[in-house]
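Structure first, commentary second.
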There are 2 protein chains.
Amino acid sequence: MAVNLKQLAELLGLSQTTVSRALNGFPEVNAETRQRVLQAVRETGYRPNRAAQRLATGRAYSIGMVMPIAAGIDSDVHFGEFLAGLGEEAVKHDFHFVLNPSAPEDEEATFQRLAASGNVDALFLAYMRANDPRIAMLKSLSMPFVVHGRSIGETRDYPFLDIDNTGAFYDATRLLIQLGHQRIALINGPDYLSFSIRRRKGMAKALAEHGLNIDEALVHHSLMTDEHGYRSMQRFLQQPDAPTAVLCSSTVLALGAVRAVNQAGMAIGRDISLIAHDDVLPMLKPENFSVPLTTTRSSLRAAGGRIATRLIAGILKSGAFPDQELWRAELIVRASTGPAPQK
Amino acid sequence: MAVNLKQLAELLGLSQTTVSRALNGFPEVNAETRQRVLQAVRETGYRPNRAAQRLATGRAYSIGMVMPIAAGIDSDVHFGEFLAGLGEEAVKHDFHFVLNPSAPEDEEATFQRLAASGNVDALFLAYMRANDPRIAMLKSLSMPFVVHGRSIGETRDYPFLDIDNTGAFYDATRLLIQLGHQRIALINGPDYLSFSIRRRKGMAKALAEHGLNIDEALVHHSLMTDEHGYRSMQRFLQQPDAPTAVLCSSTVLALGAVRAVNQAGMAIGRDISLIAHDDVLPMLKPENFSVPLTTTRSSLRAAGGRIATRLIAGILKSGAFPDQELWRAELIVRASTGPAPQK
DNA sequence: TTTTCCTCCCAAAGCGCTTTGGATATCCCT
DNA sequence: AGGGATATCCAAAGCGCTTTGGGAGGAAAA
């Protein structure tokens, strides 16, 4: 059923060389001949075999990533959205993705195998940690890659796209302080992830500038689920000296947090202020909360798109992009923040 | 840096044939020689080039799927969880995935290209609709595939794994009727997806058995987000003859629905009963809701695993599995269901 | 007219692997 | 000792594509 180059060439009475060149846009082929070839492709439904193409060119038109898989590992809501961004861009260039599942402890080996397999042209890495060893590994692979996020303490010379997490939570905290809040809590992501570390740092910095310190009892780290948001907030509210404002690392956490506040009979924006980081998940829009949420916003989807763009440009060597990008998150004020309640 | 078969063979003073056979477990190679080869592989870090392997064998060790991508298309929370299940199983057999993004209108063409590319050994299809044309397409591709879900009205002879949506919502509705509920609402998924259609059908069937009908004003179809759950429930409660029980097609919808109920000052399980379908998303556990949710449960992750198993067995021709599977969802009663309130 | 230069096309050599079809040596049996 | 198994190994032919290194023929330059 499926034709190959050879058959197509025979059919046209041309050599494989010419047909190949016609298809790949080489100049040394007659315009009329090229049209004949394209016509034949349309008629036969010819599709080049990518494996052969790759064997010949060394190019796979694909971006590889490893997905950590284990019985205990949760799927992440944010992952799908990021992937959508990657895909949106990739489809424009006819690129695809290779997802290689791997146990977390084998992750580095999986990257190596992925690179050696010839199945991919570039690698993508996320969920960065402090002193992440995977960066050095990827650098040793001599294959383009981009990191989403940044490590901490690692050398700085690797390609990344990150948002200014420190700045975002600094801004958010400063706003709260200006509104008169003194006891501010943080419901953060997992404590080993670098974005969590940075957000905490941003908060600490703003507090410090006003002579305040982080109260360890007011900082929780957890996976970013509704459940954890709920529990954290509940615990905060039960404390003798409860916070008057809370920062959340995700709208998913905020969801649970808001639930806890409501259940306690308190009002968001009046009794307690809330600012969340908004990854612009279509599933959960901060402006649709019963009390619209003040947020630091940066689209995860846009980040995915940008990374795909850079990766593809790197592979195709078309156009140069900055190697390191730090996006600033916008602080968008809505109704969930208000002046600190008077004692 | 990376060695190939030829170099490895030279290094060992063997032919490529022998090395290849040693690696692929053929019997006609001396045990001692095989050990030497394996040792050399360990030392050199040799990894076979998958493209070459595939060109030679026609086997890619990968499962293809297309991801619909468009500016307006939302990423789906459920997708990540399903993928985790697929991956968990795939990693055991050293399979990977090829994700091909595609505009929804090009989806069929993308499947064809994916199949022709030689990049994948099998295809996977989900988000089934009524009279889904993609099934006929996949059948024409002469490549193994499994459908997650079922179409409606299509021929029945294609491999699928589905849950008994009709049965699940039939059971749930019957329970509510037994508890005395007469006005039951449904917050369903998108109306064009076949699981939504079947769930509604199951509900209708149980109602009919008790001489009741679906009230169209009590059925909403939407994407399964918190926001939509909230809005639907809010609208239900505002109706003059509000329902006393509600079915939700997802715990994500239930999240919003519960919020609306609380906001109205009503109590789940007493003033209004709620049953949700639980895909067992780690992000959102029904037992952790402030009032634990009665659910129809079927793990999306398990479904992913099973589909991967079947696909891989189909590719490797190892072991036979049933071609069509219909899983029954468990009805798990928790505190969100109670007797219908007396007027 | 001869020479040079394009234009347009082709044959053939890989890319790195698997697999077919022997070869060679050893061993057992009659 | 001769013949057939048996155990090990190898050379070479692809898989379907790209790319190198020409080559024929006509147009432009000398």
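Small disclaimer: the values here were computed from a predicted structure and weren't measured. Note on naming: letters A, B, ... go to the chains in the order of the sequence lines (proteins, then strands), and numbering restarts at 1 for each one.
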Exercise. Over how many whole Å does the gap from Phe26(B) atom CZ to dT8(D) atom C1' extend?
Worked result: 15 Å
Seminar exercise, completed: Here the distance between atom P of dC17(D) and atom CG of Asn49(A), to the nearest Å, is 6 Å
For this session: Output the single nucleotide from dT18(C), dT19(D), dC10(C) whose closest atom is nearest the side chain of Thr18(A).
Result: dC10(C)
For this session: May I have the distance from Glu32(A) (atom CD) to dT7(C) (atom C1'), rounded to whole angstrom?
Result: 14 Å
Exercise. Is Gln53(B) touching bases, backbone alone, or none of the nucleic acid, heavy atoms closer than 4.0 Å?
Worked result: sugar-phosphate
For this session: Please tell me which of the listed nucleotides, dT18(D), dC17(C), dC8(C), lies nearest to the side chain of Asn24(A)?
Result: dT18(D)
Exercise. Should Tyr61(A) be listed as having a side-chain N or O under 4.0 Å from OP1 or OP2 of dC17(D)?
Worked result: no
Problem set entry | CZ on Phe79(A) to CG on Leu83(B), rounded to 0.5 Å | 6.5 Å
For this session: Round to a whole Å and report the spacing from CG of Leu12(B) to P of dC10(D).
Result: 10 Å
For this session: Write down the distance between NZ (Lys6(A)) and P (dC10(C)), rounded to a whole number of angstrom.
Result: 15 Å
Exercise. Over how many whole Å does the gap from Leu8(A) atom CG to dT18(D) atom P extend?
Worked result: 12 Å
Exercise. Between dC15(C) atom P and Arg50(B) atom CZ, what is the distance in whole Å?
Worked result: 21 Å
Exercise. Between Phe82(B) and His148(B), how do the two ring planes meet: parallel, tilted or perpendicular, split at 30° and 60°?
Worked result: parallel
Seminar exercise, completed: Judged by nearest nucleotide, the residue sitting upstream toward the 5' end of DNA chain D, Gly13(B) or Ala56(B), is Gly13(B)
Problem set entry | Spacing of Asp132(A) atom CG and Tyr158(A) atom OH [to the nearest 0.5 Å] | 8.5 Å
Exercise. Checking all strands, does Thr17(B) fall into the base, sugar-phosphate, or nothing category for heavy-atom contacts under 4.0 angstrom?
Worked result: base
Exercise. If you look at every strand shown and take non-hydrogen atoms under 4.0 Å, does Arg21(B) touch a base, only sugar-phosphate, or nothing?
Worked result: base
Seminar exercise, completed: Checking dG16(C), dC10(C), dT18(C) against the side chain of Leu55(A) (C-beta onward), the nearest is dG16(C)
For this session: Please report the closest heavy-atom contact between Asn131(A) and Ser151(A), naming both atoms and the distance.
Result: N-OG, 3.1 Å
For this session: Look at the side-chain N and O atoms of Ser20(A) and state whether any lies under 4.0 Å from the OP1 or OP2 oxygen of dT18(D).
Result: yes
Problem set entry | Given dC9(C), dG16(C), dT18(C), the nucleotide with the shortest approach to the side chain of Ala52(B) | dG16(C)
For this session: Could you work out which one of dT19(C), dC17(D), dC9(C) sits closest to the side chain of Thr33(A)?
Result: dC9(C)
Exercise. Tell me: CG of Asn4(B) to C1' of dG14(C), nearest whole Å?
Worked result: 13 Å
Problem set entry | side chain to side chain donor-acceptor pair (under 3.5 Å) between Gln39(A) and Arg42(A), worked out | CA-CA 5 Å; Gln39(A) 181 59 32; Arg42(A) 249 171 270 128; 2.6 Å; yes
